[in-house]
Visitor: 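Sharing a structure, written as structure tokens. Questions coming.
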Amino acid sequence: MTDATQGPLHPDKAGERGEPPEADARTIEIRNRLAAVRTRIAAACDAAGRSAEPPQLIVVTKFHPAVDIRRLAGLGITDVGENRDQEASEKAGKLSDLDLRWHFVGQLQSNKAKSVVRYAHAIHSVDRAQLATALGRAMATERERTGRGPLECFIQVSLDEESAGHRGGASASQVLPLAEQLSGSGDLRLAGVMAVAPLGSDPDRAFEKLAGISARLRAEYPAATAISAGMSQDLEAAIRAGATHLRIGSDILGSRPAVR
Ligand SMILES: *Cc1c(COP(=O)(O)O)cnc(C)c1O
């Protein structure tokens, strides 16, 4: 863990690489918001009797500048999430001196697979066979080039059957066929499932449904234990339902700037 009070590593390149001034007002704001979110996570884990295995916190940094991600790294954050390839690859390039894991959490077009595998540790939004095929091909090339480990893949499930397919997310019946495809690729690793609670629905009910889908997946693929669920508004419900990965944006970084 990096000490937030340490000065920039390369002060001469500070501006260019988005180096934050030490403990500036924004860093303090993020530190306080992060502490509040960590308190909520700890309380929810306590209440659910799972303090021994807290979920992995992924800070969703979309729309926020690279300098904020550098601030987060200084505060001990190791995992960040982005939802647009161009924005993510630019930030990952600027921050390549940091030891961060990049999680892609947005809808992904197959033609972006080659780009995304250059920086992504995990894709949380694998929702169709064509995308899995493209990721497998891109990853095979990337691993030949770099020798890195397989790409972690989460199957995104739509918890709102009506929107399955067009708003992102496979239907529940597509999960096992996709799992079979992912687990057949040596360059991809089937991590588990991911979902977003549908707008206006009860998150406890939505995440219980996801937990059921995860249980059916694990019956066939015991190593696919991950459940990526829970955002700023519903992290407690996600923890109650067994989430292993939380994706929190606005409660840590504030509301997203209106302009991209
Ligand atoms: C933006 C986003 C998040 C974070 O949402 P907040 O409400 O800002 O915490 C989580 N997951 C996905 C898929 C997102 O697009």
Side-chain angles (χ1 to χ4, degrees), residues 45 48-50 52-56 58 79 81 101 103-108 110 113 116-117 120-140 142-143 148-198 201-231 234 237-247:
C45 285
R50 44 174 302 200
E53 35 176 359
Q56 172 70 55
I58 299 166
D79 292 74
R101 285 189 296 235
H103 297 255
F104 194 88
V105 304
Q107 277 188 267
L108 185 59
S110 299
V116 87
V117 300
H121 162 77
I123 310 288
H124 290 239
S125 46
V126 180
D127 61 357
R128 58 198 190 281
Q130 186 201 29
L131 176 59
T133 302
L135 288 170
R137 284 205 189 112
M139 232 3 235
E142 184 67 10
R143 293 185 80 200
R148 62 165 282 184
L151 182 69
E152 298 286 307
C153 290
F154 293 71
I155 299 175
Q156 184 178 351
V157 187
S158 171
L159 297 177
D160 170 5
E161 292 292 332
E162 277 173 27
S163 78
H166 47 100
R167 252 187 42 197
S171 66
S173 64
Q174 291 169 320
V175 170
L176 285 180
L178 266 173
E180 187 180 1
Q181 186 188 354
L182 291 170
S183 63
S185 160
D187 298 304
L188 308 176
R189 195 187 81 83
L190 172 63
V193 292
M194 176 276 210
V196 177
S201 76
D202 170 14
D204 278 293
R205 271 193 59 198
F207 292 144
E208 265 162 40
K209 188 170 167 188
L210 180 64
I213 293 168
S214 168
R216 287 195 290 282
L217 175 67
R218 277 178 287 133
E220 304 285 331
Y221 301 93
T225 53
I227 301 179
S228 169
M231 307 176 24
D234 53 25
I239 289 171
R240 280 193 286 278
T244 60
H245 294 69
L246 303 173
R247 309 177 312 269

Visitor: Quick one: pull up CG in Leu151 and CD1 in Ile123 and give me the separation to the nearest 0.5 Å.
Guide: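 Separation between the atoms: 5.0 Å.
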Visitor: Drop me the distance from Arg218's CZ to Ile227's CD1, to the nearest 0.5 angstrom.
Guide: 5.5 Å
Visitor: Could you pull out the closest heavy-atom pair between Ile213 and Val157, with the gap in Å?
Guide: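 Closest pair (atom of Ile213, atom of Val157, distance): CD1-CG1, 3.7 Å.
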Visitor: Measuring from Glu180:CD to Glu220:CD, what's the distance to the nearest 0.5 Å?
Guide: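 Here the rounded value is 9.5 Å.
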Visitor: Evaluate the side chain to side chain contact (heavy atoms under 4.5 Å, CB included) criterion for residues His124 and Ile58: first the C-alpha distance (whole Å), next the side-chain angles of each, then the deciding distance (0.1 Å), finally the verdict.
Guide: CA-CA 11 Å; His124 290 239; Ile58 299 166; 3.6 Å; yes
Visitor: Kindly indicate whether the side chain of Tyr221, heavy atoms from C-beta on, has any atom under 4.5 Å from the side chain of Leu182.
Guide: no
Visitor: Do other residues, nucleotides or ligands put more than 12 heavy atoms under 6.0 Å from the CZ atom of Arg148?
Guide: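 More than 12 heavy atoms, drawn from other residues, nucleotides or ligands, come within 6.0 Å of this atom.
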Visitor: What is the minimum heavy-atom distance between Ile155 and Ala179, and which atoms define it?
Guide: CD1-N, 3.6 Å
Visitor: Do the rings of His103 and His121 sit parallel, tilted or perpendicular, given the 30° and 60° boundaries?
Guide: perpendicular
Visitor: Evaluate the side-chain proximity of Pro55 to Cys45: yes if any heavy-atom separation is below 4.5 Å, no if none is.
Guide: yes
Visitor: So which heavy atom on Leu159 is nearest to which on Ala206, and how close?
Guide: CD1-O, 3.4 Å
Visitor: Show me the pairs that pass salt bridge (charged side-chain N to carboxylate O under 4.0 Å, His left out) and involve residues 186-198, at least two apart or across chains.
Guide: Arg143-Asp187, Glu152-Arg189
Visitor: How about Leu246 and Ile239: do any of their side-chain heavy atoms sit closer than 4.5 Å?
Guide: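 Counting from C-beta outward, Leu246 and Ile239 do come under 4.5 Å.
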Visitor: Once rounded to the nearest 0.5 Å, what's the spacing between atom CZ of Phe104 and atom CG of Leu135?
Guide: 10.0 Å
Visitor: Please report the shortest heavy-atom distance between Pro150 and Gly186, naming the atom on each side.
Guide: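 Minimum heavy-atom contact is CB-O, 4.1 Å.
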Visitor: Would you say Arg247's side chain and Ser228's backbone share a donor-acceptor pair under 3.5 angstrom?
Guide: yes
Visitor: Please step through side chain to side chain contact (heavy atoms under 4.5 Å, CB included) for the pair Asp79 and Gln56, ending with a clear verdict.
Guide: CA-CA 8 Å; Asp79 292 74; Gln56 172 70 55; 3.0 Å; yes
Visitor: Is there a donor in the side chain of Thr133 and an acceptor in the side chain of Gln181, or the other way round, less than 3.5 Å apart?
Guide: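 Side chains of Thr133 and Gln181: pair found under 3.5 Å.
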Visitor: Is a side-chain N or O of Ser125 found less than 3.5 angstrom from the main chain of Gly106, in a donor-acceptor match?
Guide: yes
Visitor: So, for Arg50 and Thr244, which heavy atoms are closest and what is the spacing to 0.1 Å?
Guide: NH2-CA, 4.5 Å
Visitor: If I take atom OG from residue Ser183 and atom CG from residue Leu178, how far apart are they, to the nearest 0.5 angstrom?
Guide: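 Output value for this atom pair is 10.5 Å.
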Visitor: For the residue pair Ala224 and Leu217, what are the closest heavy atoms and their distance?
Guide: CB-CD2, 3.8 Å
